[in-house]
Student: 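The structure follows.
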2 protein chains.
Amino acid sequence: MARPPRSASVDSRRRLFEAAAAEFAARGYAGANVDRIARAARLNKAMIYYHFKSKAALYREILRDMFTAVGTRVADVAAASCTPEDKVRAFVEAIAAEAEARPHFPPIWLREIAEGGGHLDAATLNYARAVVATLGRIIEEGCRAGRFKPAQPMLVHGGIIAPLMFFLATARVRRKMQRAGAAGVADIPPKVVVAHIQRLTLAVLEGRIA
Amino acid sequence: MARPPRSASVDSRRRLFEAAAAEFAARGYAGANVDRIARAARLNKAMIYYHFKSKAALYREILRDMFTAVGTRVADVAAASCTPEDKVRAFVEAIAAEAEARPHFPPIWLREIAEGGGHLDAATLNYARAVVATLGRIIEEGCRAGRFKPAQPMLVHGGIIAPLMFFLATARVRRKMQRAGAAGVADIPPKVVVAHIQRLTLAVLEGRIA
DNA sequence: GTCTATAAATAGATAGAC
DNA sequence: GTCTATCTATTTATAGAC
């Protein structure tokens with residue numbers, strides 16, 4: 001006996017959300033086309049305006065989803081009871097995991113950086129801010145424990161997310177370059193990148209790179 | 001006695017090029033508006049089509065200018081006669097210098113990454129490829145001299161340009177976050193970032209981060 | 001070389017039927 | 001909730017005068 005089907009609209013809303021995320025990732029906010037989004041979701045334009053207020057509102061919802069997911073996840077990391085070193089590793093791992101769960105995440109994040117955060121409303125900007133602040137607290141804790149040297153949280157944060165987003169977002173271009181003849185450019189598994197960034201970050205925090 | 005004025009069109013072409021670079025950096029390819037570009041250059045739309053074939057061709061020319069500038073500059077670095085360590089430092093410095101000379105450079109580069117290099121024609125893609133290859137040769141040289149451990153050129157390259165573009169491109173967002181209350185987020189001078197990345201890269205190549 | 005005016009296409013948003 | 005049809009604004013691109 002089949003379970004009573006949930007309202008079809010819940011599903012169509014989710015399909016539109018997914019399709020929109022993919023479209024915004026591939027073409028950016030301005031380049032995205034609501035008609036194409038609707039068709040990718042096997043629906044039509046009008047349904048976007050039924051479920052969302054506008055193209056801009058739809059985009060903001062995707063941004064909020066992204067940044068709140070990362071924000072709450074790293075907050076959990078900071079609250080855990082383990083060494084500062086493990087928290088740093090978990091911090092990197094957490095961002096990578098959220099990014100891998102959402103393939104559209106890295107391109108959209110990169111674009112928002114390029115845009116100067118023009119599409120971020122105050123609340124979402126706050127979540128982005130909180131991520132850096134969380135890392136700052138982990139660093140402080142490590143300093144108090146005598147394991148880390150003091151460091152600018154923003155500098156460390158950039159050192160983590162920039163290469164992470166770069167490698168996750170460039171998988172496609174790198175394959176393109178590989179086909180064009182560059183050797184050993186494409187086959188760098190995410191695991192390797194994450195491990196590399198974890199080691200790098202700890203080396204910085206422990207003052208081993210001067 | 002005034003020098004005979006060069007043809008006015010040379011100047012108007014350059015003005016359009018500059019205005020276009022700024023527009024593409026701020027809004028991306030799709031978000032850019034040829035009318036706005038023309039007005040920013042104190043000219044009109046028709047002049048864009050007089051000097052350039054199309055919006056797409058204009059954009060491609062900006063990309064080519066960017067990547068050829070970096071490509072030839074790092075080629076000089078690799079050809080210099082100095083230690084591999086100094087070449088690595090100069091490599092980072094060279095990219096930073098070209099990026100600082102063109103404020104539109106980091107945002108556009110970030111967007112191209114996000115886009116998967118969709119706007120890069122074969123020739124320009126080749127220049128991007130050449131930059132990585134050049135770094136690869138510097139690494140090899142260091143390995144032969146027994147100073148570097150073998151490393152994936154692409155991994156090292158990403159570790160350089162990702163944080164570099166990130167910090168140069170985020171100056172604006174970071175100021176926005178600072179105004180919203182985050183402390184010590186905005187005031188990281190480019191010099192500090194470059195020095196940090198130079199040390200980081202050398203630590204990786206010398207096998208000091210494992 | 002530079003301009004105005006306009007053609008032609010595209011895309012965000014809504015009305016209204018079912 | 002979902003669709004078709006359409007309105008309206010925007011925008012790339014060109015024609016043609018000066």
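By convention in this document, chain letters (A, B, ...) are assigned in the order of the sequence lines, proteins followed by strands, and residues within each chain are numbered from 1. Only a predicted model underlies this, so the values are computations on that prediction, with no experimental measurement involved.
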Student: Closer than 4.0 Å, any side-chain N/O of B/Tyr49 to the OP1 or OP2 of D/dA13?
Tutor: yes
Student: In whole Å, what is the span from the CG atom of B/Asn44 to the C1' atom of D/dA15?
Tutor: 14 Å
Student: Take the protein atom OH of A/Tyr29 and the nucleotide atom P of C/dA11, then report the distance between them rounded to whole Å.
Tutor: 14 Å
Student: CD of B/Glu23 versus C1' of D/dT11: gap in Å, rounded?
Tutor: 12 Å
Student: Going by heavy atoms in the side chains, are B/Met165 and B/Ile113 under 4.5 Å from each other?
Tutor: no
Student: OP1 or OP2 of D/dT2 versus the side-chain N and O atoms of A/Ser9: is any pair under 4.0 Å?
Tutor: no
Student: Atom NZ of A/Lys55 and atom P of C/dA11: how far apart are they, to the nearest Å?
Tutor: 9 Å
Student: Map A/Ser54 and B/Leu43 onto DNA chain C by nearest heavy atom, then report which one ends up closer to the 5' terminus.
Tutor: B/Leu43
Student: Take atom CZ of A/Phe52 and atom P of C/dA13, then tell me their distance rounded to the nearest Å.
Tutor: 13 Å
Student: Between P on C/dT2 and CE on B/Met47, what's the gap in Å once rounded to a whole number?
Tutor: 4 Å
Student: Tell me which pairs pass ring pair (Phe, Tyr, Trp, His ring centres under 6.0 Å) where either residue lies in residues 85-118 of chain B, with sequence neighbours left out.
Tutor: B/Phe67-B/Trp109, B/Phe105-B/Trp109
Student: Are there over 12 heavy-atom neighbours, none belonging to B/Phe17, within less than 6.0 Å of that residue's CZ?
Tutor: yes
Student: Find the distance A/Arg27:CZ to C/dT10:P and express it as a whole number of Å.
Tutor: 13 Å
Student: Using the six-membered ring wherever Trp is involved, compare the ring planes of A/His119 and A/Tyr59 and label them parallel, tilted or perpendicular (cut-offs 30° and 60°).
Tutor: perpendicular
Student: Starting at the 5' end of DNA chain C and moving along, which residue's nearest nucleotide shows up first, A/Ala32 or B/Lys45?
Tutor: B/Lys45
Student: Looking at D/dT12, C/dT4, D/dC3, which one has an atom nearest to any side-chain atom of B/Asn33?
Tutor: D/dT12
Student: What nucleotide, of D/dG1, C/dT2, D/dT4, holds the atom closest to the side chain of A/Ala46?
Tutor: D/dT4
Student: I need the CZ-C1' distance between A/Arg36 and C/dT10, as an integer number of Å.
Tutor: 11 Å
Student: Between B/Ser12 and B/His51, does any side-chain donor sit less than 3.5 Å from a side-chain acceptor?
Tutor: yes
